[in-house]
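Reviewing the structure listed below.
Each chain gets a letter, A, B and so on, in the order its sequence line appears, and its residues count up from 1.
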Amino acid sequence: MYIQVKNVTKIYNQNSPKASKALEGANLDINCGEFICLLGPSGCGKTTLLNLIAGFEKPTEGEILLDGKVVNEPSIKYVTIFQNYGLLPWRTVQGNVELGLESLGYDKVKIKEIAEEYIELVGLCEFKKHHPYQLSGGMQQRVAIARALAVDPDVIFMDEPFGALDAMTRMKMQDEISSLWEKKKKTILFVTHDIDESVFLADRIVIMTPHPGKIKSIIDVPLARKRDRTNPDFLAIRDKVFTEFEMKEKDRIDYYI
Amino acid sequence: MYIQVKNVTKIYNQNSPKASKALEGANLDINCGEFICLLGPSGCGKTTLLNLIAGFEKPTEGEILLDGKVVNEPSIKYVTIFQNYGLLPWRTVQGNVELGLESLGYDKVKIKEIAEEYIELVGLCEFKKHHPYQLSGGMQQRVAIARALAVDPDVIFMDEPFGALDAMTRMKMQDEISSLWEKKKKTILFVTHDIDESVFLADRIVIMTPHPGKIKSIIDVPLARKRDRTNPDFLAIRDKVFTEFEMKEKDRIDYYI
Amino acid sequence: GGSQNVSNTENVTNDTKNEGGKQTVKIAYLPITHALPLYVENELGQENFKNIHIELVKFGSWPELMDALNTGSVDGASVLIELAIKAKEQGIDLKAVALGHRDGNVVVVSPDISTTSDLKGKTFAIPHRMSTHNILLYQMLKDAGLSFSDLDIVELPPPEMPAALSEGRISGYLVAEPFGAKAVAGNKGKVLYYSKDLWKDSVCCGLVLRGDFIKNNPAAAEELLKEYVAAGEYIDSKGEKVQEISKNYMNVEQNVLDLSMEWISYNDLKIYEKDYNDLIKYLVEMGLSENPPSYEDFVDNSFIDKVVIK
Amino acid sequence: MSRLRKLINTLIGLVILLAVWQGIVLTGKYDTSLLPPPQKVLHGMGELIENGTLFTHITVSLYRFFAGYLSAVAAGIVLGLIFGWFNKLWGIFDPIVQVLRPISPIAWFPFIVLWFGIGDTPAIVIIFIAAFFPVLLSTVSAVSKVDQTYLKVAKNFGIKQPHILTKIIFPAAFPYIATGLHLALGTAWVFLVAGEMVGAQSGLGYLIIDARNNIRPDLVLAGIIFIGISGLILDRLIRLLENWVGKNWGIVPNERGI
Amino acid sequence: MSRLRKLINTLIGLVILLAVWQGIVLTGKYDTSLLPPPQKVLHGMGELIENGTLFTHITVSLYRFFAGYLSAVAAGIVLGLIFGWFNKLWGIFDPIVQVLRPISPIAWFPFIVLWFGIGDTPAIVIIFIAAFFPVLLSTVSAVSKVDQTYLKVAKNFGIKQPHILTKIIFPAAFPYIATGLHLALGTAWVFLVAGEMVGAQSGLGYLIIDARNNIRPDLVLAGIIFIGISGLILDRLIRLLENWVGKNWGIVPNERGI
Ligand SMILES: Nc1ncnc2c1ncn2[C@@H]1O[C@H](COP(=O)(O)OP(=O)(O)OP(=O)(O)O)[C@@H](O)[C@H]1O
Ligand SMILES: Nc1ncnc2c1ncn2[C@@H]1O[C@H](COP(=O)(O)OP(=O)(O)OP(=O)(O)O)[C@@H](O)[C@H]1O
Ligand SMILES: [Mg+2]
Ligand SMILES: [Mg+2]
């Protein structure tokens with residue numbers, strides 16, 4: 001197993017009156033090169049689980065191993081793409097992509113070269129001198145992806161990367177990330193609350209439920225790439241995920257909408 | 001015909017160097033009591049068309065009739081629910097719902113009575129003394145709906161009302177608005193860029209395309225209520241809408257993501 | 001102490017108002033030794049007034065005091081006579097009716113200065129150009145064959161002068177009392193000259209009244225002057241209450257006060273024509289005033305003559 | 001817990017300040033009659049408290065301050081709402097305000113005395129001037145930043161003037177206005193000393209000026225400390241107001257602390 | 001078009017101001033030697049321009065202003081970054097700053113002279129004091145408001161100190177700091193007059209004080225006008241800086257105009 005989440009519980013603000021259990025007894029094994037989607041409604045601990053694996057938070061109980069080693073702190077080998085991209089607005093596209101490379105100790109020429117390579121990969125050559133605010137949401141997302149890929153990480157964590165995009169643009173980006181993944185074969189952990197998105201992208205879908213955050217079940221998606229959103233097999237799995245949610249959630253969901 | 005959009009074109013900042021054509025030659029007829037969805041990617045003029053019909057903007061060319069009269073300015077008979085709900089943050093739930101009633105000239109007791117009736121309708125009795133920020137997105141949306149319904153309008157305009165909600169909450173709200181519509185039989189114009197959402201809600205889907213904003217086609221949704229998102233008929237129409245977009249958009253979409 | 005003096009008659013208006021049937025006369029002052037007769041008059045003369053009641057209004061610096069005097073917010077002031085002359089020249093109706101004091105200004109220098117020429121190239125402070133202190137400095141330099149350009153002259157708020165001298169920021173200063181005595185008593189400076197050595201019978205502070213006040217209330221002005229002159233005589237006769245009164249109005253140490261009292265006198269507070277003309281001559285010569293008011297225009301001795309002759 | 005922490009921090013801060021001060025005094029570089037040691041200032045403070053004058057000074061100053069500040073707030077908000085709403089009018093008055101604003105109240109002294117005499121009124125006027133511009137400008141900009149959606153909602157629900165101003169614009173702009181009020185409070189308090197230079201016979205500003213003229217640096221420092229502490233208390237009070245606004249207006253309390 | 005509109009507005013504003021002023025003078029309520037009419041002030045301004053003193057005054061004032069302001073900016077930003085980063089430290093210094101801040105620079109006069117002498121330095125110090133606190137406080141709060149995501153990104157990409165400060169914190173905080181700089185500029189400029197009260201022999205503030213001593217209200221007003229206009233120009237300049245920051249930092253230019 002490449003990533004092992006062993007019986008992990010996370011309680012925020014432990015030993016304080018406002019303690020809250022964000023994740024309870026999570027177990028998850030991920031293979032190298034797998035595309036995993038964490039799927040669940042708001043507050044079910046998706047971000048928490050991701051942050052734990054990426055090393056931004058420490059588990060209250062349990063243990064997380066990444067490539068055999070206990071995760072203690074973030075590392076440039078495991079790059080996270082944040083919910084709002086986390087681009088530095090004061091740097092150009094080029095500057096943002098160069099950010100991670102700067103601490104890898106390459107010389108300036110090399111840094112520029114690599115950055116340009118990845119900017120080209122995501123098709124933003126024309127925009128490399130632009131600032132993030134001059135780009136659309138989809139383009140910003142691609143910059144974040146280029147920045148992550150540029151440091152050649154082993155794992156990429158993505159936290160609702162397409163949450164802010166409109167539905168059409170979103171589908172386009174799903175296509176892109178899917179084909180990038182096929183090209184680069186990175187291990188990807190992808191958080192979403194969109195059922196279609198998870199079915200379209202994942203090798204396996206980790207279904208989570210809140211109060212407290214838990215892993216409810218894991219659904220395999222044995223569909224070939226590139227997937228077709230209107231294909232019956234696709235719809236069958238989509239159906240399955242729907243059922244998975246609607247069964248137990250129906251009567252509960254009223255309270256936390 | 002209850003609402004008639006006759007060959008309407010809207011150009012913003014006309015006669016200035018930054019003039020932009022937001023909508024071109026739109027024609028649309030809507031029956032009383034119909035649920036219409038405007039569907040299309042960002043920038044295709046959905047909001048523009050809605051604002052024109054609601055009277056917030058005036059068409060550059062063409063004419064819009066509502067109940068036989070030319071639309072000139074907004075009226076309390078046609079209420080809009082805005083993209084970010086448009087709740088007044090300094091008023092409680094109750095205060096927000098009372099807002100429209102205050103200008104209808106009812107006395108205080110009557111206002112309170114009506115407001116409470118509609119707060120109950122959307123199931124927020126417990127929260128009537130809360131301020132909007134103390135509510136989740138879905139609950140805020142329901143306040144906006146209660147506020148709109150309270151003034152007993154003939155038409156309700158909704159601009160991406162569920163855009164900020166997560167996918168699960170969104171589905172729940174779709175169920176709710178659908179059953180409210182069946183109960184109250186208002187004419188509803190609903191803007192969205194989510195294909196599933198439009199198929200789930202609409203009697204007819206108005207498909208729009210950008211550059212410049214245009215009505216491309218109108219798709220009937222002859223499905224019974226309450227609809228099932230995994231039902232084959234549902235999926236067939238969903239399919240149809242997909243095709244409608246993917247055909248011409250595919251090669252273009254690259255440029256405006 | 002003076003700084004704790006809290007007056008409850010805070011609302012000072014343009015109109016002279018009545019208090020217990022008496023007309024209130026507002027006189028502005030700065031808490032300096034030069035206004036001592038006013039303090040004594042306020043404490044001891046008050047009961048002798050038949051028709052008036054004086055109210056002293058303290059200010060922090062000359063410009064604000066002049067603003068109040070010029071605009072009629074007060075009826076009169078004990079003020080640097082040059083400032084009043086300047087105001088008169090600008091068209092404000094003021095009359096000088098008495099001196100504030102005689103002599104009493106000293107040139108204070110740091111210990112390393114022993115003659116005027118030692119000041120060459122050094123920084124020297126005066127309160128501002130429109131002052132007797134500037135004239136005294138002019139005369140002192142002239143006596144030593146120097147001119148203003150040989151020194152670096154700065155205008156400084158008087159309270160900051162002792163500190164500036166003590167810290168060596170300036171090498172000397174010339175200003176109203178007790179700021180000179182402060183440095184001397186603290187051994188931070190010494191007296192280089194007394195004003196009477198530089199310019200005999202120099203005119204410094206004066207009691208100035210507004211023209212409209214004099215015109216409308218000549219009797220009040222006369223009463224005011226009567227006790228004012230009496231106060232001056234009382235001070236010079238080393239009246240027993242002088243110490244206590246001055247401590248009440250100027251919250252400075254005893255030794256500082258004693259020292260500054262040694263240099264100053266308060267008898268014969270009449271403004272004589274010769275002294276005034278000397279002053280005018282200086283002002284014109286130094287380019288401080290182009291068209292100063294004549295003695296007749298500016299000085300009104302009618303009151304002091306009445307009360308002194310009595 | 002957090003309160004205790006704050007108290008401890010404040011005490012540590014105080015100790016550091018006193019230590020530095022005492023340290024400078026101990027170097028002997030400055031004459032103690034020019035830079036008095038802490039205990040002398042403490043003694044001066046005690047003197048002022050004991051003979052009761054401090055209380056008078058503070059009440060008088062607070063009276064003047066609030067008279068000036070509150071009237072500036074009222075005038076600034078009303079004019080700000082008007083200017084903010086009638087953009088064209090603001091276009092004309094904006095340059096006037098922008099030229100008048102950077103002028104020190106001290107520079108206005110001759111004219112303030114001319115129009116307002118001496119004593120309480122000029123102090124109030126100077127505090128008014130100091131507070132007025134921040135309030136006015138923040139109100140104008142707050143109105144111009146009111147979310148268009150609220151106005152659309154008002155129009156949609158048939159709300160007419162003056163209700164648009166009272167029910168929509170003012171409450172929508174109020175959180176920004178409150179920030180302006182906070183800012184103005186600080187600015188205005190700083191001008192208390194200047195305000196009490198024109199013929200005032202009491203007040204904290206007067207206390208300082210008088211102590212300065214009497215060459216009593218211990219009392220100057222005592223006055224400085226009283227002014228600083230009162231200013232701090234006023235600041236905390238308006239911060240409470242701001243937090244209250246934030247809570248009732250549905251905004252996360254702002255921590256700017258400016 | 002919009003430029004022209006602005007110019008016309010400014011002119012209309014000017015005309016209104018002059019008309020009101022002239023109107024007050026014409027009522028005859030105030031002696032013209034106390035409230036001079038516009039033409040007399042204009043004449044005074046002409047006089048100052050002709051004999052070249054105005055130029056000297058302005059350059060001297062600007063020198064002092066920038067010396068004080070820029071050093072306050074440097075000190076405020078550096079300390080602000082440090083305090084903002086080391087929260088605990090700020091907990092201790094916060095109370096000290098909060099007590100010192102509301103104290104008028106005028107109150108510090110005796111000690112400023114004691115430590116900094118007379119002439120240029122005290123003016124610079126007073127402007128420094130006036131500018132320092134807004135810069136410091138806005139920097140501290142800017143640092144505390146830096147989006148945690150940026151820090152996470154930095155950590156993720158293995159960026160270490162001091163690069164976190166220079167590459168992340170400072171640029172991330174800079175837009176807020178720039179607002180603080182704007183604020184500080186206005187505050188500091190107001191204190192120019194106060195600053196030039198301590199032994200300065202030139203400068204716009206001195207010009208006003210000297211005119212007051214010479215009972216020349218026309219020159220006082222001339223000085224006021226010059227100070228107002230210079231302040232306005234400085235304000236526009238820093239607004240350009242702010243817009244530049246906004247543009248290069250990916251923020252919508254702010255229109256607060258405070
Ligand atoms: N730093 C934190 N401190 C305290 N509680 C937290 C913190 N972060 C998350 N929580 C709580 O933990 C729970 C899980 O949060 P988490 O952000 O992991 O959910 P999520 O599934 O990512 O939700 P979303 O879809 O809204 O992003 C929530 O109840 C949340 O309030
Ligand atoms: N007030 C305006 N002034 C100028 N141009 C505008 C204005 N409002 C919209 N536009 C332009 O008109 C076009 C259509 O905008 P509109 O807001 O109607 O699109 P939309 O379909 O609602 O998009 P979205 O899904 O992003 O809300 C866009 O190109 C937009 O830039
Ligand atoms: Mg999350
Ligand atoms: Mg829209």
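Looking only at side-chain heavy atoms (C-beta outward), E/Phe157 and A/Pro153 stay at 4.5 Å or farther from each other. Two residues are said to be in side-chain contact when any heavy atoms from C-beta on lie closer than 4.5 Å; E/His163 and A/Glu102 fail this criterion. For the pair A/Phe56/E/Asn156, a side-chain contact is recorded, criterion being any heavy-atom separation below 4.5 Å from C-beta on.
Looking at A/Leu104, neither its backbone nor its side chain comes within 4.5 Å of chain E, counting heavy atoms on both sides. Proximity to chain A (any heavy atom under 4.5 Å) is shown, for E/Lys167, by both the backbone and the side chain. Of the atoms belonging to A/Val151, it is side-chain heavy atoms, and not backbone ones, that fall under 4.5 Å from chain E. Using a 4.5 Å cut-off between heavy atoms, A/Arg91 contacts chain E through its side chain alone, with no backbone atom that close. With a 4.5 Å cut-off on non-hydrogen atoms, A/Ser75 touches chain E through its backbone but not through its side chain. Heavy-atom distances place no part of E/Ala154 under 4.5 Å from chain A, backbone and side chain included.
At most 12 non-hydrogen atoms from other residues, nucleotides or ligands lie less than 6.0 angstrom from CD of A/Glu120. With a 6.0 Å radius and a threshold of 12 heavy atoms from other residues, nucleotides or ligands, A/Lys185 has its NZ atom above the threshold. Heavy atoms of other residues, nucleotides or ligands lying less than 6.0 angstrom from OH of E/Tyr63 number 12 at most. At most 12 non-hydrogen atoms from other residues, nucleotides or ligands lie less than 6.0 angstrom from CD of A/Glu126.
Scanning all heavy atoms of the two residues, the minimum distance from A/Ser103 to E/Gly158 falls at CB-O, 3.7 Å. Across all non-hydrogen atoms, the minimal contact from A/Gly86 to E/Val153 is O-CG2, 3.6 Å.
A cation-pi arrangement, defined by a distance under 6.0 Å to the six-membered ring centre and an angle within 45 degrees of its axis, is absent between E/Lys152 and A/Phe82.
Looking only at heavy-atom pairs under 4.5 Å with chain E, the residue among A/Gly100, A/Gly55, A/Pro132 that has the most is A/Gly100.
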